[in-house]
Amino acid sequence: MRAFADLLDRLIYTRSRNAKLKLIGDYLLATPDPDRGWAMAALTGDLDLPAVKPAMIRALIEERVDPVLYRMSRDYVGDSAETVALLWPAPKAPPIDGAPLTVTGVVDRLQSLSRSDAPAALAGMLDRLDADERFALLKMATGALRIGVSARLAKTALAQAFELDVEAVEEVWHGIAPPYETLFAWAIGNGTQPTAADVPVFRPFMLAHPLEDLRVSLDDYAAEWKWDGIRVQLVHVAGQTRLYSRAGDDITGSFPEVARDFRTPGVLDGELMIKGSFQGGALEEGGGAASFNALQQRLGRKIVSAKMLADYPAFVRLYDILFEGAEDLRDLAWQERRPRLDAFARQLDPERFDISQVIDAADFTALEGIRAGARDASIEGVMLKRRDSPYVTGRRVGLWYKWKREPLTADCVMMYAQRGNGRRSSFYSDYTFGCWTEEGELLPVGKAYSGITDEELKMLDSFVRNHTLNRFGPVREVEKTLVLEVAFDSIHASKRHKSGVAMRFPRIARIRTDKPAVEADTIAGLKRLIS
């Protein structure tokens with residue numbers, strides 16, 4: 001654990017991407033199997049230790065220190081693992097087994113335990129470690145590293161360290177289970193290169209850059225709607241079907257009807273949505289795609305009831321084709337892949353799969369007008385795809401652009417604030433805001449923490465500290481006097497919120513010190529924006 005703890009400590013305090021790549025690469029080269037494989041699983045979010053839960057860790061520390069002290073310290077530090085690591089008391093007697101803990105030893109032990117046995121085992125491990133090792137253990141065990149390292153960066157570091165092609169690593173990553181023994185055997189020259197043949201692996205998506213102020217020619221670019229669901233990849237290989245999220249998570253079990261109806265060999269890229277329209281907090285028959293709120297009823301469910309399948313039927317709007325059977329089409333231009341996608345889609349159930357149609361616009365000026373008039377609840381904006389673009393991993397300048405529709409805005413009143421995480425853990429940076437009812441009551445309508453500069457963050461933090469009315473654990477209630485202009489992509493009816501509305505992607509656009517709180521917007525006004 002010592003070497004892994006040192007790696008995390010250095011990564012946290014390193015901003016340079018190249019320096020992070022070298023730190024990870026040096027660790028992988030110096031660390032034996034299977035420790036380095038489990039470390040990679042932790043860095044990429046692929047390590048699952050279900051016996052360890054945050055509530056269990058909180059119970060352990062509150063048995064050993066004053067619970068009030070822990071909660072106040074957690075509020076100040078802003079990170080549970082760091083707080084526990086620092087507060088954990090030294091054992092009254094030295095551990096009987098003084099052998100150093102290894103990453104593999106920790107993983108093997110915690111994976112073999114039931115939830116009832118895990119607390120004692122974890123406590124025993126924490127007793128044997130110093131503070132930064134305890135921090136590394138807790139971060140690894142809970143899967144919440146948050147150290148500024150993406151899965152892509154970690155895989156890039158591995159590829160560079162062993163002089164491999166990162167795309168070849170990505171290609172097979174999801175077909176190999178941690179600790180990736182066959183991958184490292186290939187990396188050090190003791191094994192053959194793994195392949196994705198006959199395995200329904202995930203291939204990283206092609207992504208888009210924001211269009212911003214650029215204007216492009218529709219002779220070179222095709223325009224499609226950007227739909228507001230979740231990006232998914234459909235894979236059917238050797239009789240097996242998998243449905244993957246944008247992050248590469250296997251979500252097949254959450255949408256069994258989609259997997260059941262995709263039985264043609266190939267790999268497709270599309271947007272998962274719910275059929276119908278979503279108004280008044282309920283799904284209604286008719287229409288095409290419902291808003292994202294309808295899809296939220298299905299997300300994250302490991303067990304999907306027959307009623308849920310019937311009430312919220314899922315379908316996929318197809319964007320692209322990566323494989324047709326065993327044939328890899330990714331090197332073909334978009335304008336060559338598109339007719340192949342059309343032909344492939346004709347073999348599928350039209351009730352479960354359709355195609356995102358190309359927008360018919362004479363030129364970019366006409367497209368601007370079409371985009372400006374689109375306020376369908378399931379449309380997020382426009383995609384522009386270069387007609388000669390291959391399907392490549394990640395974002396490549398000049399190939400695909402996303403052009404989101406202009407956000408909606410509302411003037412809201414700050415109601416509550418909470419400390420942030422990471423570098424914002426010392427500031428009150430997460431704000432709950434509300435709008436007025438017709439009776440003059442202020443009800444929460446959203447929560448945001450993005451959109452502000454560092455100077456604005458300091459100003460808002462000072463306001464919270466100087467205008468606190470009540471404290472509820474880590475949350476402060478503030479005087480209802482400060483107006484925030486909040487931007488959001490769309491708004492939907494919601495039965496889960498007292499206000500009856502839910503914002504999509506809210507962020508702070510401006511701090512309205514010039515506007516009295518009584519002049520902030522009303523919930524009735526927000527409901528008129530529901531599309």
Side-chain angles (χ1 to χ4, degrees), residues 75 78 228 281 291-293 372 375 377 380-381 404-531:
D75 181 31
D228 192 13
S291 71
F292 189 82
N293 259 30
R375 287 247 59 102
E380 195 178 16
K404 289 193 174 184
R405 65 187 184 186
E406 294 300 321
L408 300 167
T409 61
D411 289 332
C412 307
V413 181
M414 185 192 293
M415 300 177 68
Y416 306 99
Q418 189 171 351
R419 289 181 188 269
N421 290 294
R423 71 181 188 90
R424 289 189 167 190
S425 61
S426 297
F427 296 95
Y428 285 92
S429 61
D430 296 12
Y431 313 109
T432 299
F433 42 83
C435 289
W436 300 104
T437 66
E438 293 180 359
E439 294 76 24
E441 182 184 5
L442 199 60
L443 294 181
V445 296
K447 183 176 181 178
Y449 52 84
S450 62
I452 53 176
T453 65
D454 288 345
E455 287 303 311
E456 289 171 329
L457 172 62
K458 293 176 183 176
M459 177 264 183
L460 291 174
D461 178 75
S462 177
F463 173 84
V464 172
R465 295 175 187 274
N466 293 323
H467 296 82
T468 295
L469 295 176
N470 292 296
R471 290 175 173 84
F472 305 96
V475 178
R476 290 196 183 197
E477 180 185 9
V478 299
E479 295 176 7
K480 315 304 187 295
T481 56
L482 183 63
V483 176
L484 304 174
E485 182 181 317
V486 177
F488 49 96
D489 286 1
S490 57
I491 193 163
H492 311 290
S494 172
K495 289 183 177 180
R496 293 190 295 175
H497 298 83
K498 188 177 180 181
S499 63
V501 295
M503 289 179 172
R504 178 94 160 115
F505 293 136
R507 59 269 192 195
I508 299 166
R510 277 197 301 163
I511 303 170
R512 297 294 307 270
T513 54
D514 60 313
K515 190 164 191 173
V518 294
E519 295 181 11
D521 284 318
T522 64
I523 290 172
L526 290 181
K527 288 182 176 179
R528 286 194 289 271
L529 298 176
I530 294 174
S531 54

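Between Pro474 and Arg419, the closest side-chain pair of non-hydrogen atoms is not below 4.5 Å. The closest side-chain heavy-atom distance from Asp521 to Glu485 is not below 4.5 Å. Inter-residue side-chain proximity for His467 and Arg476 is flagged as unmet; no heavy-atom pair is nearer than 4.5 Å. Considering only heavy atoms from C-beta on, Phe488 comes within 4.5 Å of Leu529 through its side chain.
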Report task. Verify side-chain contact (heavy atoms from CB on, under 4.5 Å) between Leu460 and Leu482, making sure each step is shown before the conclusion. Result -> CA-CA 9 Å; Leu460 291 174; Leu482 183 63; 3.5 Å; yes
Query raised in the report: Between Gln418 and Asp430, does a side-chain hydrogen bond (donor to acceptor under 3.5 Å, both in side chains) hold up when you go through it step by step?
Result: CA-CA 5 Å; Gln418 189 171 351; Asp430 296 12; over 6 Å; no
Requested in this report: Begin from the C-alpha positions of Arg507 and Asp489 and carry the test salt bridge (Lys or Arg N to Asp or Glu O under 4.0 Å) through to its verdict.
Outcome: CA-CA 9 Å; Arg507 59 269 192 195; Asp489 286 1; 2.7 Å; yes
Requested in this report: Apply side-chain contact (heavy atoms from CB on, under 4.5 Å) to Glu456 and Ile508, showing your working.
Outcome: CA-CA 10 Å; Glu456 289 171 329; Ile508 299 166; over 6 Å; no
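Here the straight-line distance linking atom CG of Asp461 with atom OH of Tyr428 works out to 8.0 Å at 0.5 Å rounding. In this structure, Ile511 CD1 and Tyr431 OH are separated by 7.5 Å, a value rounded to the nearest 0.5 Å. Interatomic distance, CZ of Arg471 versus CG of Leu469, reported as 10.5 Å (0.5 Å rounding). Atoms CE and CZ, from Met414 and Phe433 in turn, are 10.0 Å apart once rounded to the nearest 0.5 Å. Once rounded to the nearest 0.5 Å, the distance linking CG of Leu484 with OG1 of Thr432 reads 10.5 Å. Atom CG of Leu457 is separated from atom CD1 of Ile452 by 4.5 Å, given to the nearest 0.5 angstrom.
A salt bridge does not link Arg510 to Asp411: none of the charged side-chain nitrogens sits closer than 4.0 Å to a carboxylate oxygen.
Between the side chain of Lys480 and the backbone N or O of Val478, at least one donor-acceptor pair lies under 3.5 Å. No donor-acceptor pair closer than 3.5 Å links the side chain of Glu519 to the backbone N or O of Pro516. Counting only distance, with no hydrogens or angles, the side chain of Thr468 and the backbone of Val464 share a donor-acceptor pair below 3.5 Å. Looking at Ser429, its side chain never comes within 3.5 Å of a backbone N or O of Tyr449 through a donor-acceptor pair.
The two residues Leu443 and Ser499 make their nearest non-hydrogen contact at CD1-CA, 4.0 Å. Nearest heavy atom pair, residue Val413 against residue Ala520, reads CG2-CB, 3.6 Å. For the residue pair Ala448 and Pro506, the shortest heavy atom distance occurs at CB-O, 3.7 Å. Closest non-hydrogen pair, Cys412 versus Met503, comes out as SG-CE, 4.3 Å.
Defined by atom type and a distance below 3.5 Å, a donor-acceptor pair is missing between the side-chain atoms of Ser490 and Arg504.
With Ser494 as reference, His497 is the one residue of Lys498, His497, His492 to meet the side chain to side chain donor-acceptor pair (under 3.5 Å) rule.
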